[in-house]
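Here the structure is laid out as structure tokens; the discussion comes afterwards.
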2 protein chains.
Amino acid sequence: MSTRKPKPAADTSEQILDLAENLIQTMGYSAFSYQDISSALGITKPSIHYHFPSKAELGTAVIERYAGRFGEALAAIEQDQSKSSVAMLERYFEPFLQFSKTPNKVCLCGALAGEMMALPPPMHDRADRFFKDHHAWLTAILKRGADRGEFRMSAPVAKTARMIFSALQGALLVKRTTGDASEVRDVVAAIKAQLAAA
Amino acid sequence: MSTRKPKPAADTSEQILDLAENLIQTMGYSAFSYQDISSALGITKPSIHYHFPSKAELGTAVIERYAGRFGEALAAIEQDQSKSSVAMLERYFEPFLQFSKTPNKVCLCGALAGEMMALPPPMHDRADRFFKDHHAWLTAILKRGADRGEFRMSAPVAKTARMIFSALQGALLVKRTTGDASEVRDVVAAIKAQLAAA
DNA sequence: GTCTATACAAAGATAGAC
DNA sequence: GTCTATCTTTGTATAGAC
């Protein structure tokens, strides 16, 4: 019991990453500054430089952690092969529906995509990999579902996967702009209806 | 013949708008500066301030012009009621496919969506209206196609419209990041296959 | 690991001459 | 309508004390 703290008292580095992630998701990478973090955290700017020498390194660490977390979640979903493909997809949608509940959050990589050419190369590369990994994962799940007769697809699996992923990313962006929380829910509903259509 | 110049010799304001639009589409609003424009145009920063006193006003003018242009295109498509709904949708896809041919361009509003909270309110409002107008237009076309038996939909029209629009916006963002030009084509293909499925 | 102090560059913007 | 000159603020970053 004493070896497992209830709240691991996030060290400063983690807190900085948390804040930076949030700031990027709400205002974008270019628009946030060390000042924003230092104010929110109650420490000075140089203290942040101690943990992350440059903004590019901080940005890279943020996306690295985010993509890693997301990747683990995907791996966990496909681990239990006893689940139906429909159930797996259901769990895949969860984080997107979760995002849609907060008014101003989008997928970190979706936010970054809009300002891609202004990002340091390591961040660009990591976002690239994030998108490609997602596509590969979704394609595999859709193929499994099609093989097992759980999904009906009117287009090739890979193209359907691209449409679903693009729709989810786009839905988050549109939702944030219009403020209509049902955007993501509607898109998820349309995707499910499409895959279930007989 | 003399009243219609072949190349209207865009005045400075137009050239500034063109450049700003391009810069926002490639690096985002926060990341571009008056310096970028002044360098590209060969005039000084104060000259730009003469045409657009503040960056917020320039940004607003850019989105205003862009959304107006897009709105006119949509109006033109639905004008010719003799066309099939499939043909109308085909023409709607065109600008998105066009974007996908240039390596670094996304829809202006798609780029802005990622940094929405960092934008001046007028820009936010205009992007909001852009998304809502698109949804209304798409919904009308889909309804027309469904009524005429040209489209098959497994979900309500409004939800299908949301999915299609989100998918197009998301596809542009993913494409720009991964550099895979077929992303948008694949998504368009998947959408068409879905609507045509019997 | 956090602070004060500071350097340095870039940004948005204005005044006033031409 | 464009220029030079200048101002102010902010941003990223470093040096060095505690």
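Naming convention: chains lettered A, B, ... in sequence-line order (proteins, then strands); numbering from 1 in each chain. Note that this is a predicted model, so its numbers are computed, not measured.
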- Give the ring-plane orientation class for A:F130 versus A:H134, where under 30° counts as parallel, over 60° as perpendicular and anything between as tilted. tilted
Quiz item: Does atom CD of B:Q79 have more than 12 heavy-atom neighbours, drawn from other residues, nucleotides or ligands, at distances under 6.0 Å?
Solution: no
Heavy-atom contacts, protein to nucleotides 7-18 of chain D, under 4.0 Å, summarised as B (base), S (sugar-phosphate only) or - (none) per nt, yield ----SBBBB---
Q. Reckon A:T44 has a side-chain N or O less than 4.0 Å from the OP1 or OP2 of C:dT2?
A. no
Considering only heavy side-chain atoms of A:T12, the closest of D:dT2, C:dT2, C:dC3 is C:dT2
note: B:L58, atom CG; C:dG12, atom P; distance rounded to Å ~ 10 Å
Using the ring of A:Y29 (Phe, Tyr or Trp, six-membered ring only), decide whether A:K55 places NZ or CZ under 6.0 Å from its centre and within 45 degrees of its axis. yes
Self-check item: Test: A:K143 cationic atom under 6.0 Å from A:F151 six-membered ring centre, within 45° of axis
Solution: no
B:I48 atom CD1 is separated from C:dT14 atom C1', nearest whole Å, by 15 Å
Atom CG of B:D11 and atom C1' of D:dG1 are separated, to the nearest Å, by 11 Å
Below 4.0 angstrom from OP1 or OP2 of D:dG1, is there any side-chain N or O of B:S47?
-> no
When you check the phosphate oxygens OP1 and OP2 of D:dT2, does a side-chain N or O of B:Y50 lie under 4.0 Å from one of them? no
Stepwise ring-ring contact (aromatic ring centres under 6.0 Å, His included) test for A:F131 and A:F165:
CA-CA 9 Å; A:F131 286 146; A:F165 181 60; 5.6 Å; yes
Q) Are B:D36 and B:K45 close enough for a salt bridge, meaning some N to O gap below 4.0 Å? A) no
Whole-Å distance, B:L23 CG to C:dA11 P, equals 12 Å
